[in-house]
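All values below were derived from every heavy atom in this structure, side-chain atoms included, with hydrogens, water molecules and symmetry-related copies excluded. Residue numbers start at 1 and run along the sequence shown. As the structure is a computational prediction, the values presented were derived from the model and not from experiment.
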Amino acid sequence: MNPNLLDLILFSEKRKAFLLLLKEGPKNTQEILDRLQVPRTALLPQIKKLKEQNLVIHEDGIYRLSLVGEIIIEKMQPLLDTLEVFEKNEEFWADRKLSPIPLHLMKRISELGDYRLIEPDLSHTFDLNPEFVKHTSNSNNILMFFSYFHPQFPSFFLNLARKGTEISLVQSESVYLRFLEDFRKEGEEYLKMENASLFILDKKRSGDPGSCRVF
């Protein structure tokens, strides 16, 4: 196989977008142009390169992935999704200490998809960020890891659980101990609910997929 095949796919947004579009299924020329919003003259040379590498087949006016193309794009999708997560906010990820997050969760970071950062500001030092509250409150399923404690967290997540929201919380041990010390009543009610679960990160086994103790 051509050693430049990886470059061919990754180093052109037009080629990458075209291949990902065909992953949905065969498309005719007009469908492709409408979806990708690019001029025909700009796209055709890129398609030609993909056809030359046997990634794309063109028959009767329809473009589709070859078997080789299907296999490669399917295997590359997790990589592309992971790159998109980190590239979207490079400075944010570079400035964060990620080691406390369990390795098996970090390996699933591509599942964040088209996320948006909500960063706290000084005007909400003592309150939960309104935008965070809004989006979380409208969610049917919440999966959250946090390593800091906020005194409004216990009642906030308990109220969501009471409404039937599916909630899984992963806490550092220090956060859990604070939770246990000052909000035992809320914690006991939370843990009795079938739609609520709590995991405590075990620092001694932080690289182990089983490093979260379940409560």
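- Checked by atom type and distance alone, the side chain of Trp93 never pairs as donor or acceptor with a backbone atom of Lys88 at under 3.5 Å.
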Salt bridge (charged side-chain N to carboxylate O under 4.0 Å, His left out) between Glu24 and Arg35: does it pass, once the steps are laid out? CA-CA 12 Å; Glu24 300 176 5; Arg35 290 283 298 276; 3.0 Å; yes
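- The cluster map of Ile, Leu, Val, Met, Phe, Trp and Tyr, joined by side-chain heavy atoms under 4.5 Å apart, puts Leu98 and Ile109 in the same cluster.
- Of all the heavy atoms in Glu74 and Pro78, the pair that sits closest is O-CD, 3.5 Å.
- Rounding to the nearest 0.5 Å gives a distance of 10.0 Å between CD of Glu131 and OG1 of Thr136.
- A salt bridge links Glu59 with Arg64: at least one charged nitrogen is closer than 4.0 Å to a carboxylate oxygen.
- Residues Tyr148 and His150 have side chains in contact (heavy-atom distance under 4.5 Å, counting atoms from C-beta outward).
- Looking at heavy atoms from C-beta onward, Asp127 lies in side-chain contact with Gln152 at the 4.5 angstrom threshold.
- Residues Tyr176 and Gln171 form a side-chain contact, since some pair of their non-hydrogen atoms from C-beta on lies under 4.5 Å apart.
- Between Phe149 and Phe183, a ring centre-to-centre spacing shorter than 6.0 Å is recorded.
- A donor-acceptor distance shorter than 3.5 angstrom exists from the side chain of Thr165 to the backbone of Leu160, with no hydrogens or angles considered.
- Interatomic distance, Ser139 OG to Lys134 NZ, rounded to the nearest 0.5 Å: 12.0 Å.
- Around atom CG of Asp34, more than 12 heavy atoms belonging to other residues, nucleotides or ligands sit under 6.0 Å away.
- The two residues Leu158 and Met193 come nearest to each other via the heavy atoms CD1-CE, 3.8 Å.
- You'll find the side chain of Lys16 reaches within 4.5 Å of the side chain of Leu80, heavy atoms only.
- Side-chain atoms of Arg15 and Leu50, non-hydrogen and from C-beta on, do get closer than 4.5 Å to each other.
- Between Phe157 and Phe153, the distance from one ring center to the other falls under 6.0 angstrom.
- The closest donor-acceptor contact from the side chain of Asp60 to the backbone of Ile62 lies at 3.5 Å or more, if one exists at all.
- Salt-bridge annotation for Glu173 and Arg178: absent, with no side-chain N of the basic residue lying under 4.0 Å from a carboxylate O of the acidic one.
- With a 4.5 Å cut-off on side-chain heavy atoms, Val56 and Leu19 count as touching.
- One finds a salt bridge joining Glu111 and Arg108 here, because a Lys/Arg side-chain nitrogen approaches an Asp/Glu carboxylate oxygen to under 4.0 Å.
- Residues Val170 and Met144 form no side-chain contact, since every pair of their non-hydrogen atoms from C-beta on lies 4.5 Å or further apart.
- Using a distance-only test at 3.5 Å, with no hydrogens or angles considered, a donor-acceptor pair links the side chain of Tyr190 to the main chain of Ser197.
- Other residues, nucleotides and ligands contribute at most 12 non-hydrogen atoms within 6.0 Å of the CZ atom of Arg184.
- Clustering ILVMFWY residues whenever any of their side-chain heavy atoms sit less than 4.5 angstrom apart, transitively, puts Phe92 in a cluster other than the one holding Leu83.
- The CD atom of Glu52 sits 12.0 Å away from the CD1 atom of Ile47 when rounded to the nearest 0.5 Å.
- The CG atom of Asp95 sits 11.0 Å away from atom CG of Asn89, with the distance rounded to the nearest 0.5 Å.
- Connection of Ile57 to Leu22 is not established within any shared hydrophobic cluster, with ILVMFWY side chains joined at heavy-atom distances below 4.5 Å, either directly or through further cluster members.
- Between Lys23 and Glu70, none of the side-chain N atoms (NZ, or NE/NH1/NH2) sits under 4.0 Å from a carboxylate O, so this pair counts as no salt bridge.
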Exercise for the section: Kindly indicate, with the supporting measurements, whether the criterion side-chain contact (heavy atoms from CB on, under 4.5 Å) is fulfilled by Leu128 and Phe156. Expected result: CA-CA 9 Å; Leu128 293 177; Phe156 177 68; 3.9 Å; yes
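- Looking at Ile32 and Val38, their side chains never come closer than 4.5 Å, going by heavy atoms from C-beta outward.
- Here the straight-line distance linking atom NZ of Lys185 with atom OG of Ser155 works out to 12.5 Å at 0.5 Å rounding.
- Heavy-atom minimum distance, Lys163 versus Ser137: NZ-O, 3.8 Å.
- Pairing each heavy atom of Phe18 with each of Leu36, the nearest pair is CA-CD1, 3.9 Å.
- Atom-to-atom distance recorded for Tyr115:OH and Leu112:CG is 7.0 Å, nearest 0.5 angstrom.
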